[in-house]
**Q** 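Handing you this structure, nothing more for now.
One-based numbering, in listed order, for ligands and for the atoms of each. Note that the structure is predicted; figures quoted are calculated from it, not measured.
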Amino acid sequence: MKNIFEAPFVQEMMRTTANMYRLGWDERNGGNISYMLDEKEVGEYLDLTKVIRTIPLGFQAQSLVGKIFIVTGTGKYFKNVEYDPETNLGIIRIAKDATTAELLWGYKDGGKFTSELPAHLMTHMTRLRKDPDHRVVMHCHPTNTLAMNQVIELDDRTFTRALWKTCTECIVVFPDGIGVLPWMVCGTNEIGEATAEKMEDYRLVIWGMHGIYGSGKDMDETFGLIETVEKAAQLYLLAAGLPRVNTIRDEELVAVAERFEVDYRKDFINA
Ligand code: 2HA
Ligand code: ZN
């Protein structure tokens, strides 16, 4: 067996959580990541017949039966993951009953997965239907994106357009736009279902006055989506309240989207 601490997927979780912590997106126990792994690859590091313990999911994850995920732990701090991955992360497999997680590694102190697992797994189910290469769901509390929540209508079209117009690359990076949920109680199946429903149309979803969800085919893509939104939100806030002289016009949004051949939300463009 190879050393699990050297596994690329464990290393990637360590690097990413540390990076996000230092960007100020994951104060205290804020944020969570889940990453669907390849069974064959995990099998090089762990005996897949050995289940440490089982943990109830609290919902049905039928289409994910047998799938393996590395997931940040509940109550755990992103800043600590790189120093003690085996306590702060866990590797789980969705059991045959679709309502139980089998712990294969981690949560060494008796802990369990993030309280936001419903939103993560429901998002994985939705995104995998849209894109078989989908792998990563990431949640965090980026500062400028959250500040922007306080000064703009919480609506998909309004929020997307405001971001698109801050800098030229936005419509190229997230041509599908950004979904926005109203304020809701977090950690519930209800917010999980609402998130997954938005993920039918978007790879990015704002939780009003709470944070953001990103999904993608790998850690870089998912991180890059959130990073681009956060940069755009910072630009939006830096210019907010100042006299407006320039903006990116709608025909310019269309021109850049067409130049990069991205499938953008046509209904988010003003005719
Ligand atoms: O896990 O961010 O939404 C901590 C959170 C809850
Ligand atoms: Zn959160």
Side-chain angles (χ1 to χ4, degrees), residues 13-14 16-36 55-59 61 69-92 101 103 106-127 136-150 154 159 178-199 202-216 219 222-223 225-227 229-230 233:
M13 290 292 279
M14 290 159 66
T16 306
T17 48
N19 189 17
M20 292 170 78
Y21 171 69
R22 291 196 186 94
L23 286 164
W25 302 353
D26 297 277
E27 72 291 342
R28 201 173 179 273
N29 64 321
N32 24 76
I33 304 177
S34 61
Y35 177 13
M36 196 173 99
I55 311 169
L57 289 179
F59 59 97
F69 297 87
I70 187 164
V71 187
T72 50
T74 184
K76 298 297 190 261
Y77 293 23
F78 270 29
K79 78 180 176 69
N80 295 336
V81 174
E82 64 176 327
Y83 304 109
D84 186 1
E86 196 174 1
T87 300
N88 294 292
L89 302 174
I91 296 179
I92 58 168
L103 182 65
Y107 306 142
K108 200 173 65 172
D109 60 353
K112 62 181 253 184
F113 40 73
T114 168
S115 59
E116 305 297 359
L117 198 70
H120 281 253
L121 292 191
M122 292 176 193
T123 294
H124 282 294
M125 293 192 263
T126 300
R127 292 309 309 174
V136 177
V137 175
M138 191 180 278
H139 165 64
C140 57
H141 306 156
T143 313
N144 292 287
T145 307
L146 270 180
M148 193 173 156
N149 273 233
Q150 300 183 34
L154 294 176
F159 213 105
I178 183 160
V180 184
L181 289 178
W183 185 91
M184 291 176 78
V185 177
C186 54
T188 62
N189 287 350
E190 288 70 31
I191 201 169
E193 284 154 12
T195 307
E197 199 181 313
K198 284 283 184 198
M199 288 281 181
Y202 305 101
R203 291 168 299 154
L204 286 159
V205 176
I206 298 272
W207 280 9
M209 308 303 291
H210 178 141
I212 191 166
Y213 266 76
S215 65
M219 208 66 86
T222 313
F223 181 88
L225 282 170
I226 294 177
E227 184 180 33
V229 168
E230 174 62 358

**Q** Can you measure from OH (Tyr202) to OG1 (Thr126) and round to the nearest 0.5 angstrom?
**A**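 Those atoms lie 14.0 Å apart.
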**Q** What residues, two or more places apart in sequence or in another chain, satisfy side chain to side chain donor-acceptor pair (under 3.5 Å) together with Asn19?
**A**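 In terms of side chain to side chain donor-acceptor pair (under 3.5 Å), with neighbours along the sequence ignored, Asn19 is linked to no residue.
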**Q** List in chain and number order the residues that pass side-chain contact (heavy atoms from CB on, under 4.5 Å) with Arg22, two or more places apart in sequence or in another chain; answer none if no residue qualifies.
**A**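 Per chain and number, Arg22 pairs via side-chain contact (heavy atoms from CB on, under 4.5 Å) with Ala18, Glu82, Tyr83.
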**Q** Enter the distance from Met13:CE to Phe78:CZ here, rounded to the nearest 0.5 Å.
**A**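 Those atoms lie 7.0 Å apart.
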**Q** Which protein N, O or S atoms lie under 2.8 Å from the Zn ion (ligand 2), given by chain and residue number?
**A**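 Listed by chain and number, the atoms are His139 NE2, His141 NE2, His210 NE2.
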**Q** Using the ring of each side chain (for Trp, its six-membered ring), is His141 parallel, tilted or perpendicular to His210, with breaks at 30° and 60°?
**A**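 Because their plane-to-plane angle is over 60°, the rings of His141 and His210 count as perpendicular.
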**Q** Have His120 and Thr114 got a donor and an acceptor in their side chains that come within less than 3.5 Å?
**A**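 No, because no side-chain N or O of His120 sits under 3.5 Å from a partner of the opposite role on Thr114.
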**Q** Give the minimum heavy-atom separation between Gly211 and Leu146, together with the two atoms involved.
**A**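 In this case the closest contact between Gly211 and Leu146 is N-CD2, 3.6 Å.
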**Q** Can you tell me how the ring of Tyr213 sits relative to the ring of Trp207, calling it parallel under 30°, perpendicular over 60° and tilted otherwise?
**A**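 Ring orientation of Tyr213 relative to Trp207: tilted.
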**Q** Who are the residue neighbours of ligand 1 when the rule is a heavy atom under 4.0 Å from any of its atoms?
**A**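 Within 4.0 Å of ligand 1, protein side: Asn29, Gly30, Gly31, Asn32, Glu116, His139, His141, His210.
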**Q** Any salt bridge between Lys76 and Asp84, counting N to O under 4.0 Å?
**A**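 So Lys76 does not pair with Asp84 through a salt bridge.
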